2 protein chains.
Amino acid sequence: ICGGWQSSKSDSSGVSNSGESSKESSRCSTPVLDADRTDRLRDKMKRRIESGDHWFSLEFFPPRTASGAVNLISRFDRMGSGGPLFIDVTWHPAGDPGSDKETSSMMIASTAVNYCGLESVLHLTCCNQTKEKITAHLNKAKRLGLKNIMALRGDPIGEDWVEEDGGFNYATDLVKHIRCEFDDYFDICVAGYPTGHPEAESYDNDLRHLKEKVDAGAHFIVTQLFFRAETFLRFVKNCRAIGITCPILPGIFPIQGYHSLRQLVKLSKLEVPEEIMQVIEPIKDNDAAIRSYGIQQAVEMCKVLLASGEVPGLHFYTLNREVATIEVLRQLGLWAEDPRRPLPWAVSAHPKRKVEDVRPIFWASRPKSYIYRTQDWDDFPNGRWGNSSSPAFGELTDYYLFYLKSKSPKEALLQMWGEELMNEGSVYEVFTNYITGQTNPSGHKVMCLPWNDDPLAPETNLLKDELEKVNRRGILTINSQPNINGKPSSDPIVGWGPAGGYVFQKAYLEFFTSSENVTALLQVLKKYEPRVNYHIVNVQGKNITNAHEMQPNAVTWGIFPGREIIQPTVVDPVSFMYWKDEAFALWIEQWAKLYEDESPSRMIIQYIHDNYFLVNLVDNDFPLDSCLWQCTREDMPRQY
Amino acid sequence: ICGGWQSSKSDSSGVSNSGESSKESSRCSTPVLDADRTDRLRDKMKRRIESGDHWFSLEFFPPRTASGAVNLISRFDRMGSGGPLFIDVTWHPAGDPGSDKETSSMMIASTAVNYCGLESVLHLTCCNQTKEKITAHLNKAKRLGLKNIMALRGDPIGEDWVEEDGGFNYATDLVKHIRCEFDDYFDICVAGYPTGHPEAESYDNDLRHLKEKVDAGAHFIVTQLFFRAETFLRFVKNCRAIGITCPILPGIFPIQGYHSLRQLVKLSKLEVPEEIMQVIEPIKDNDAAIRSYGIQQAVEMCKVLLASGEVPGLHFYTLNREVATIEVLRQLGLWAEDPRRPLPWAVSAHPKRKVEDVRPIFWASRPKSYIYRTQDWDDFPNGRWGNSSSPAFGELTDYYLFYLKSKSPKEALLQMWGEELMNEGSVYEVFTNYITGQTNPSGHKVMCLPWNDDPLAPETNLLKDELEKVNRRGILTINSQPNINGKPSSDPIVGWGPAGGYVFQKAYLEFFTSSENVTALLQVLKKYEPRVNYHIVNVQGKNITNAHEMQPNAVTWGIFPGREIIQPTVVDPVSFMYWKDEAFALWIEQWAKLYEDESPSRMIIQYIHDNYFLVNLVDNDFPLDSCLWQCTREDMPRQY
């Protein structure tokens, strides 16, 4: 995995896969509570080894393009369901890996940790690097919330490499440097070579090098790929014999194609066993057959490895592809697809955010935006999102990071949201079509809205019929949740948190609507005092509310065995005013700007932005059927 | 109420009454949330005046004996149900009023605030006092959580009193001093004389003095008693005419006896109107008739006062008696008997404890002990009783304050708990009789236990039958609550908190039992993992638990409109170890020591203390019927 191995992967492109691991931390214990220091990767491994619970991990390389990064990151999100213990991101010295570029190793790993909540290992190579540069990289990684480093030598540049005095010549030097400069802060992984490093004098000599790396302070070993289980098992036996006691994770490479295999073999100087070549050569032009064989071969080998009792977890070289790896994991029964969530929203894996267990509901469909806007907070609310816990949010203009932008190209957005808008009613139709999932007159489905990157959540689907009705009337909904009166925490749609608990929700509805509708709504709401709390605000900040100005309203909470109550989602009056700016800005930034200046379509969106109100409603009487539909339907004139 | 008036009351003795007012603060708004600065007495008055909600207040004098203090304080507790806006405690210069004696004005007022949760006004007289002494009294009052002072001149000592240069000669000097030294910290009350102060040169001159007191910084006026409504109403009119705008509260004195009335008249130099004397003289030997007339006369006068629109609240001179005052208030419809509680336990009125909204369940029947043991805490848990919120508890040996002792004399305790114990079974019988309310073989009811000063709470009564069964088997219960799955916050038995909410509980059971029973119990509990959490500990601190060592388990919580979830009662593992010391000590201090050294009875209690375990059980599955009875009955051998 060090050296040439990296180059062999960087010629693969595009498709990628990932997994989620912050969930893992809550599997065996309560989330949130555990101090981050007992939650280190080494501790997680220790617990899993003790409980005999096999894990897997996934290796990715940084994408080459910004759109590749958007794809990779949205896959990180999607694939959290598989439950990897960690992912790792390789280090590409030629690609400015420590920079702030959206495609750098550093930024991809940071995104995996902060935005996707994945326990992540950042590779770092030391060859031809000054100590100062390495220390700067490590400081930056620490600042970004990365806690794990894979310490590698990397490829010498040029053919005639000679050792430098006082420089980094071996991975051991890097391990020592990390432990010297950062004490015990980082968990350190090093590479093992089951058949010996290609440049090593001998297999035994290479084993001694590995022992040195571990003795210098590494916490676990991931091996180069291999093709036979016995290769790895002999290697482990030899490692144990010379006193290496840390976890040794086999690197698994499901063969995915004839040419990639040949190139890999050439670069890594590995030999493909005769029995494999005999199978592959006859089918070398049949990609599907080779992939199928690769999966079967990997599954068989992994079964032997796991059965040996020597292998606590499997490390997959994914080549940023997902099909083969997931299939192998599925057949091994390791792909979790665990619907359980520690909290209703994805927990960031940044150590600073470990205590965070409550968020405003407003960013429910834009969690990355929330994380970005609160990234400079020193403290995160722990149990209460009280008035003291709402420091200023980051500037709105700062957060248009590439991965916060819509993933769809402009043309696709116009097809969904209308090449030409006739009036406000055209906008109502877009919202309605998004809810119903039906095609619009031009034959396209509305798969996203500026406030919702993804199709309707399963939970929101419960409200589909009612949402359709109100959107047709110009109640343009962007966020909602049904009331829940004590469903088991294991409920596949609304459940979250540890087993044996119960979850609850107050019904919530958030929408844009015209000032005429607001006037009618306020009349109706008088009938629902104090059952319904509302906040109504326009882009200028004119604010109408019957709620306490500082008091958050808990709208999602859970009761669990042996612990305090968790209230992870609140309607918070202070943060609503920050969200308001973002929600209104999305009309212009993501929708109006699709159209030319002064065009009627643009002016319609601009009109809505300037004149509509953003409204949120909470029905406090959660054991009863939600009254929010009556509130929004009664007496409301249908306008288009 | 100043001067001779105090002496006139201090000859009354014994019986006393009181009221509760911390509840008031939650009546119009949410508890806990409001910062203490908006919760000052002047603000409460302002809100009540604005809403047209008449209030009453109650004046007491300090008791002369320790047992009188115990009685007065237990009445403070009991009478909170009436809902006074505040109580006030008079200042007796001759009785060491600022001392730490249990009968001092300072300590009685402090107890009312801290332990009984009553908004309290401490009287303070300045005559013949140095500024330093006065400042010291005020500092002490502030430290003890008192926020309100009634500033009075007091009686000059000796006949030939002359003004002192630079000393305090008038109440105005004291008001100025308080404002000068303590800025706006204290709410200040001053006395008004509807017929003029007996020593004043003239009625008009006295009015001008009153204006000076108010201008110096007083916030409201309480008047000397009077016998005709028009006396007070003319006084108010005259006050307003010279620019006194603050609230003026009439002092109401229900006539309670012929002799006390005569003595009062003599000391206060008031004239009893002819129409009253004409009624009283003929019945002067019929106490009941005079009291009945006194009540009727007070009610009629109060009705006129309230109807005038000039009177926002009534101030009662109770003479530490309760019957007449309560009857007058009942007839006026001002006696609240409001079953609503802001939290399931009585909130302390100390400003520092205002944010406290969670407590361990263990002290549920000993709330004063909890307040005492946590009095030196700088912070009180606000929403979470997390691991960071458990500073050391006060020393066990420090808290045997007089009012924490059982109120019953030794002889009564022996009658209830047994003159002579035969074996452990005798103890089981005592517990069983306490639960059932039946008389024991010697014909006495068990009205209290060392861990329970009062008879069974209405809520615990719901569990009576089950409790009886387990106590007969040696499961000696000292604390329990039923599970509650979403009852309205207005429920008369288990409800608490603002209107429109829902309250919940997990079933809880706490008891002492033998080590044999613990062994059997642990077997049974295996069947209820992880549904039931337990802590089992003996006096040496041997601790068996399946709960997280730092994580509190919320066992009472409430969901309310427009706010965060409140979880006011928890089972907290850290505080349980402090409670354990107290719970075991009560066996010895309150029970064993009733018997002679080396007596068999004493040795039986000592044996239980040394060998039994203290157990608490939580059934986490609150929507289901409690399984704690099965846990404690199954397989448990009946021992006696």
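Since we're looking at a predicted model, the values are computed, not measured. Residue numbering restarts at 1 for every chain, and letters A, B, ... go by the order of the sequence lines.
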Atom pair CD1/CD of B:Ile559 and A:Gln567 - distance to nearest 0.5 Å: 8.0 Å

For A:Lys506 versus B:Gly562, what's the shortest heavy-atom pair and its separation? NZ-N, 4.0 Å

Give me the atom names and distance for the closest heavy-atom approach of A:Pro530 to B:Pro561. O-CB, 4.0 Å

Please look at A:Asn533 and chain B and tell me whether the side chain, the backbone, both or neither of the residue comes under 4.5 angstrom of a heavy atom of that chain. side chain

Gap separating the OH atom of A:Tyr502 from the CZ atom of B:Phe622, nearest 0.5 angstrom: 6.5 Å

Smallest separation among heavy atoms of B:Phe560 and A:Asn553, with atom names: O-OD1, 4.4 Å

Between A:Phe504 and B:Phe504, does the ring-ring contact (aromatic ring centres under 6.0 Å, His included) criterion hold? Intermediate values first, please. CA-CA 12 Å; A:Phe504 294 78; B:Phe504 294 79; 5.6 Å; yes

Surrounding CD of A:Glu549 (heavy atoms of other residues, nucleotides or ligands, distance under 6.0 Å), is the total greater than 12? no

Can you tell which of A:Pro623, A:Pro573, A:Gly501 has the highest number of heavy-atom pairs within less than 4.5 Å of chain B? A:Pro623

